[in-house]
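Only one structure is covered here, and it is reproduced in the block below.
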Amino acid sequence: MTTETKTIGIQSLQIGLNILEILAMEKKPLKFTDIQNLTAMTKSNLYKYLSTLSQFGLIYRNPHTNAYTLGHKFVQLGNVALGQSSLIEVVIPYFKMITEKTNLTVLLAVPSTKGPLISYILSADYGINIGAQIGTHLPLSSSTGVVFSAFEKDVLMKEWEEKELSKFNESEFKQFQSEKEKTRGLFFASKTEPLIKHVSSFSVPILNFNHGLLGAITIVGITETVPKSADHPTGKYVLNAAKEISEYFGFTK
């Protein structure tokens, strides 16, 4: 006779993990009512879970849309498993200084086989739709994409680049190649409204001791507020921050 062994779990923890899984699987921000419909939880219970998960940084509620997404702590924990946690830990204080000085949104993108992956975002005080969120893969046509093409050496990333380039016509290809060469010299790439109307960006690389690309810092904001030149005071400030971070990882020119 065999005895069936039952796994004993903590129900409240299982419920919390289920909420996290729902936010991950839906791949878009969810309102309170959306989560309630998907979990069939009472309003009072769901509020307690969302509040607790928010306190620990595992989920984030956008104060302007009241929609929930996975939070920075969730990404940090995931990055620990990927060996990238140190990069996020180093950039966070710099990101805080950048947003305080510029009042612009700043994000960190790291390499992945599907292109630059947003792994951390620090939003400015005002709310704008930047056309991306944590977990989004950015296209080659973005300022981040240009930086990755200019500095990333990984063969798998090159496969992504070739796939993206196949979407360009001849004129777009020539313009991109020019932007790429310029970015290699300036360590700076800018794009006017690449993903969404009225929202522009510029990006700078974070490099390590052997000039490998660890990631990119991208500044996003209303087109009129985002500088298009590395000589602009904001551009210089962010370039200097990226330089200090890169030096931490052993980079020297």
Side-chain angles (χ1 to χ4, degrees), residues 28-29 60 62-67 69 72 91 94-110 115-152 161 164-165 167-169 171-206 213 215-243 245:
K28 64 179 182 180
Y60 169 74
N62 187 310
H64 305 283
T65 64
N66 291 322
T69 58
H72 67 87
V91 304
Y94 285 94
F95 278 27
K96 289 179 179 178
M97 290 188 292
I98 291 171
T99 54
E100 289 172 2
K101 184 176 179 65
T102 67
N103 201 32
L104 294 169
T105 293
V106 57
L107 61 86
L108 172 69
V110 297
L117 174 69
I118 298 178
S119 62
Y120 184 74
I121 297 177
L122 190 58
S123 298
D125 291 336
Y126 60 88
I128 61 170
N129 176 13
I130 65 173
Q133 60 184 343
I134 289 176
T136 297
H137 289 93
L138 295 170
L140 188 64
S141 57
S142 66
S143 62
T144 312
V146 177
V147 165
F148 269 68
S149 177
F151 294 98
E152 177 57 56
E161 181 180 351
E164 290 281 293
L165 284 173
K167 303 173 186 177
F168 290 7
N169 57 39
S171 175
E172 291 171 334
F173 178 78
K174 288 181 178 179
Q175 181 180 350
F176 175 79
Q177 290 298 107
S178 176
E179 291 174 343
K180 181 176 177 177
E181 288 305 312
K182 186 177 179 181
T183 298
R184 281 177 175 161
L186 296 176
F187 291 75
F188 181 97
S190 67
K191 281 288 186 177
T192 301
E193 305 178 7
L195 302 180
I196 192 166
K197 194 173 181 180
H198 304 306
V199 176
S200 297
S201 66
F202 75 81
S203 301
V204 299
I206 299 173
L213 184 71
I217 299 174
T218 299
I219 307 299
V220 185
I222 301 300
T223 297
E224 292 76 12
T225 65
V226 177
K228 300 175 178 60
S229 168
D231 294 327
H232 188 281
T234 297
K236 289 182 178 179
Y237 185 81
V238 177
L239 275 167
N240 186 62
K243 178 175 177 289
I245 296 170

- Do NZ/NE/NH1/NH2 and the carboxylate oxygens of Arg184 and Glu181 come within less than 4.0 Å?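 Glu181 and Arg184: salt-bridged.
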- Among Ile219, Val146, Leu239, Val147, which one satisfies side chain to side chain contact (heavy atoms under 4.5 Å, CB included) with Phe202?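 One option only clears the test, and that one is Ile219.
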- Decide whether a cation-pi geometry holds between Lys101 and Tyr237; the criteria are a distance under 6.0 Å from NZ or CZ to the six-membered ring centre and an angle within 45° of the ring axis.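 Yes, Lys101 and Tyr237 form such a contact.
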Do the side chains of [Y] and [X] get nearer than 4.5 Å, heavy atoms only?
X	Y	result
Ile245	Ile217	yes
Leu165	Leu140	yes
Lys236	Asn240	no
Val226	Val220	no
Glu161	Lys180	yes
Glu224	His198	no

Would the distance check show the side chain of [X] and the main-chain N or O of [Y] forming a donor-acceptor pair, the cut-off being under 3.5 Å?
X	Y	result
Gln175	Glu172	no
Thr102	Ile98	yes
Thr225	Ile222	yes

- Item | Residue Lys228 excluded, over 12 heavy atoms near NZ under 6.0 Å |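 Yes, enclosed.
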- Task: Name the orientation class of the two ring planes belonging to Phe176 and Phe168 (parallel below 30°, tilted from 30 to 60°, perpendicular beyond 60°).
- Result: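 Geometry flag for Phe168 against Phe176: perpendicular rings.
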Closest approach of [X] to [Y] (non-hydrogen atoms, all atoms of both residues):
X	Y	result
Thr223	Ser200	OG1-OG, 2.9 Å
His232	Pro227	CG-CB, 3.3 Å
Pro205	Phe151	CG-CE1, 3.7 Å

Does either side chain, that of [X] or that of [Y], offer a donor lying less than 3.5 Å from an acceptor on the other one?
X	Y	value
Ser203	Thr144	yes
Lys191	Ser142	no
Thr69	Gln133	no

- Message: Applying side chain to side chain donor-acceptor pair (under 3.5 Å) to Ser143 and Ser190, what does each step give before you reach the verdict?
- Response: CA-CA 5 Å; Ser143 62; Ser190 67; over 6 Å; no
- Message: What verdict does the side chain to side chain contact (heavy atoms under 4.5 Å, CB included) test give for Ile121 and Phe95, after you've listed the backbone C-alpha separation in whole Å, the side-chain angles of each residue and the deciding distance to 0.1 Å?
- Response: CA-CA 9 Å; Ile121 297 177; Phe95 278 27; over 6 Å; no
Atom pair [atom1] ([X]) and [atom2] ([Y]), whose distance is rounded to the nearest 0.5 Å:
X	Y	atom1	atom2	answer
Thr183	Phe148	OG1	CZ	13.0 Å
Ser123	Tyr60	OG	OH	5.0 Å
Ser141	Lys167	OG	NZ	8.5 Å

- Query: Can you list the steps and then say if Thr105 with Leu122 is a side chain to side chain contact (heavy atoms under 4.5 Å, CB included)?
  - Reply: CA-CA 6 Å; Thr105 293; Leu122 190 58; over 6 Å; no
- Query: Would Val106 and Thr218 satisfy side chain to side chain contact (heavy atoms under 4.5 Å, CB included), going step by step from the backbone distance to the final call?
  - Reply: CA-CA 6 Å; Val106 57; Thr218 299; over 6 Å; no
- Message: Between Ile206 and Leu213, is the side chain to side chain contact (heavy atoms under 4.5 Å, CB included) condition met? List the steps.
- Response: CA-CA 6 Å; Ile206 299 173; Leu213 184 71; 5.7 Å; no
